[in-house]
Amino acid sequence: MANYKYHLLQAEGETPFVSRRPLKVCAIFGLILLIIWYNCSITFTIPLTSTLQTLSKINSEEISTAYPSSIQSTSQAHYEIINEETTSDFPEATTSYSPKETTSDYPSETTDITTSTTQLVTSTTTDPHLGEYFVYTPTCHMPAINPFARDALKIFKKAAYKSCDNDKDMISVRYDETERIYSLHMNVANISCCYKSILRYGAGNNAEKSYKLSVCVDFQQDFKVPLDVDGIITNCRKLNTTKVVQKDAFNFVQAKKSNLNKTIEKDLSQRRPSVLLWGIDSLSRMNFQRTMPQMFKYLREENWYELQGYNKMGDNTYPNLMAILTGFNSTRAYSVCKPKELWGMTNCPIIWKEYKRCGYFTAYAEDWAWGATFNFNKKGFVTPPTDYYARTFMLAIEKELKRKVASNIPYCVGRRHSAEYIYDAALQFTKVYRNESSFGMFWTNSFSHNDFAMPSSMDTRMLEYMRSLNQSGVFDSSIIVFFSDHGMRFGRLRALKSGYLEERMPLMYIWLPHWFRLQYPQFERSLQRNRNRLTSPYDIHATLQHILQLETPPDKLPHPEGCASCHSVLHEVNVSRSCRDAGIDDHWCTCSGMLNVSQSDTVIEEAANQLVNATNDYLIAKHFGNLCQQLKLSRILSAQRINKATKKDLEYYLIRYEVKTKRTKATFEATTSWSKKTNRVQIEVPDISRLDEYNNLAQCLKDAVARKYCICRR
Ligand SMILES: *[C@@H]1O[C@H](CO)[C@@H](O)[C@H](O)[C@H]1NC(C)=O
Ligand SMILES: *[C@@H]1O[C@H](CO)[C@@H](O)[C@H](O)[C@H]1NC(C)=O
Ligand SMILES: *[C@@H]1O[C@H](CO)[C@@H](O)[C@H](O)[C@H]1NC(C)=O
Ligand SMILES: *[C@@H]1O[C@H](CO)[C@@H](O)[C@H](O)[C@H]1NC(C)=O
Ligand SMILES: *[C@@H]1O[C@H](CO)[C@@H](O)[C@H](O)[C@H]1NC(C)=O
Ligand SMILES: *[C@@H]1O[C@H](CO)[C@@H](O)[C@H](O)[C@H]1NC(C)=O
Ligand SMILES: *[C@@H]1O[C@H](CO)[C@@H](O)[C@H](O)[C@H]1NC(C)=O
Ligand SMILES: *[C@@H]1O[C@H](CO)[C@@H](O)[C@H](O)[C@H]1NC(C)=O
Ligand SMILES: *[C@@H]1O[C@H](CO)[C@@H](O)[C@H](O)[C@H]1NC(C)=O
């Protein structure tokens, strides 16, 4: 058992409540009248009566079990934490994070920094800058934090991978590459199995919330899966008995016909790389190194490029992923793509549409159907956004199969880990389209979103997936982006002094195929240099645009709308780039060194008081004053001056402080400017971070932002 657990999901600004929503979600099933088949039509028909039976089944018996009905049920998590000392697995904690004041001489450009990347990540270097800074340029000093610092190791307990089901597979899936057909092989004699096809079902508001199961159709040994079936649930019984002895689920990436149009085909004189986005939610580069040492070693040895100066641009998943997928800033990601309106995301200009236009096959799959990026408190896609889309499948299996929950997220679903369905889909997708161009995004939340230690359970497994990808030739065909959206945003890791940086420095690695490196040596050279330059999600968007037109000169390439000075990471980033140039707001910028300031400094105390006042005013302005208690500053926990050369009268501070109310205490952190002229802070309240768990204290409010600041009266 974990020795601690989160009762809440503070991440994403909007707090999912695993305990409530399913009733609502399930209730809609009965009302649905329309069936939407996507693109291809389904050839077999399902008798109406059985459809109704299925529906009523979903309505009645499944409701109670759909998700844990109370938060307590998370304590049933079958998620094992190894309790032995873990520190011995890791390098000695040598230094803790303590950026120095460094305004003087910069290392001579290109030589020192760029040739020593591998040393930068170890803690045994002798050069004073290496190991201390990820980026060290005139405009950016990004401190490197030691993943194995004592305070972090103290709260880190390695998690073990635990198989979801130790029984032998009764069914295995085979794929015939020439015929492009899946078949189901029964591995056990004297059993009889049937499958229910999982169908996308329901229109409009229900398109992303409902699914339908066909009747269970018996099948024979080596049954060929019909081309219109892309997800099934199987039931196997011993012959002549009624009890189901194994229930399982499989998703299939069915080959579609090439949509390469003649015009493009003629233009294709150059080989095109496919693109694979492999994303893990809430994982910083440091926490990746800390929790997944085997993967870290592997990526380094295989010459992936780590963008060590990669800095997030917005708070949670949506803005950061949208900057990558659309190039929009967060205002525009909401105003153009309108995720809370029905057709918003469907009509949103996500880059996979451009890939599609250029004849690529596209895929998007994400685990945790209920908390998924475009669905949690958002409307999702009315029609499937990509050729292969896993949502309906994930939705169905999370409801129909047995679940084990860890840190409030379904971790095991049926016989496999949630994330494994996503990775299996990635393997299939890249295999099925291996001789064609493909663009796929595969995103997981289940083993990283709520518990910073849990990625360690997937380390070995992930390496196996990398080996499988390699075996099916993906490293030869594809540019791979192995990445995250941000680091841990709440909880014990975030509460450390280094938490400020952990949150802002997401994982970002890029793989280039060998032929690509040979054909475009200048791109590889630039990427090499950019490892220790400041980069942002907008650059990744520009890179995805660039991949579609590799022969276009830099000045003719499109720039992301949200950051006109951002560009492909296959072109060298200017050494004097600042956060502003990279589209990163001051609040998120990690380029400025920090100086300790005494906690009893009068400026700090005044600033903190103003921050608390501003927070109270914010709640009142939103008319929550009667619901939320008034906050009072209780003490300053730490204060640092951000070493930033700006206007003469302005100073910047990072202040961590505790407030109290009649009911309880709470911890906040703010980066704020301080005008020496007016003696006032300047900050938008929503930029103030809340560091401790607040779900239970904020039950009286729905407003995602205000909840961070509200301690309900009661
Ligand atoms: C399957 O059943 C048949 C007939 O009942 C029996 O002869 C055979 O031994 C069984 N096979 C296995 C592997 O149990
Ligand atoms: C199942 O029942 C059928 C007829 O009812 C019989 O022929 C067959 O041998 C039985 N199989 C097993 C494994 O019991
Ligand atoms: C083929 O692609 C080109 C370039 O995107 C486009 O201009 C043209 O309309 C497309 N033709 C067809 C038949 O889709
Ligand atoms: C986002 O971009 C739009 C237009 O490009 C701009 O008007 C707006 O101020 C930007 N918002 C932020 C927060 O930068
Ligand atoms: C891809 O090409 C290889 C070699 O040309 C061939 O063996 C393989 O069957 C093809 N795969 C698909 C899915 O078409
Ligand atoms: C892929 O496998 C080959 C053969 O085992 C190995 O030499 C190569 O380093 C692997 N590449 C990657 C990126 O894993
Ligand atoms: C880098 O940026 C600086 C300042 O914006 C500019 O003067 C310089 O020309 C740029 N260098 C390159 C190589 O673009
Ligand atoms: C800042 O203060 C902390 C303790 O509050 C100390 O551990 C750290 O070394 C100090 N850093 C510098 C650069 O003085
Ligand atoms: C905060 O508000 C209180 C009451 O509204 C006021 O008395 C106090 O002066 C304010 N403090 C600051 C620092 O503005």
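Counting starts at 1 for both ligands and their atoms, following the listed order.
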Worksheet, complete the sentence: Only one of Asn530, Leu527, Leu299 passes side-chain contact (heavy atoms from CB on, under 4.5 Å) with Tyr305, and that residue is Leu527
Discussion item. For Val575, run the side-chain contact (heavy atoms from CB on, under 4.5 Å) check against Val135, Thr137, Asn532 and tell me which one passes.
Written reply: Thr137
Item to complete: Would you please classify the geometry between the Phe361 ring and the Tyr433 ring as parallel, tilted or perpendicular, with 30° and 60° separating the classes?
Response: parallel
Fill in: Backbone N/O of Ser536 and side chain of Asp539: donor-acceptor pair under 3.5 Å
yes
Fill in: Within-cut-off N or O pair, Asn329 and ligand 4, under 3.5 Å
yes
Worksheet item: Would you call Arg467-Glu464 a salt bridge at under 4.0 Å N-O?
Response: no
Worksheet item: Is the closest basic N to carboxylate O distance between Asp581 and Arg533 below 4.0 Å?
Response: no
Worksheet item: What are the atoms of ligand 4, with element, lying closer than 4.0 Å to any heavy atom of Glu561?
Response: 5 (O)
Worksheet item: Can you list the atoms of ligand 4 that are under 4.0 Å from a heavy atom of Thr331?
Response: 11 (N), 12 (C), 13 (C)
Item to complete: Number the atoms of ligand 7 from 1 as they appear, then name those within less than 4.0 Å of a heavy atom of Ser576, with their elements.
Response: 1 (C), 2 (O), 3 (C), 4 (C)
Worksheet, complete the sentence: Value for CG (Asp459) from CD (Gln294), rounded to nearest 0.5 Å, stands at 4.5 Å
Worksheet item: What is the distance from atom OH of Tyr652 to atom OG of Ser592, rounded to the nearest 0.5 Å?
Response: 9.5 Å
Worksheet item: Can you pull the residues with any heavy atom under 4.0 Å from ligand 6?
Response: Tyr298, Glu302, Asn470, Phe475, Trp511
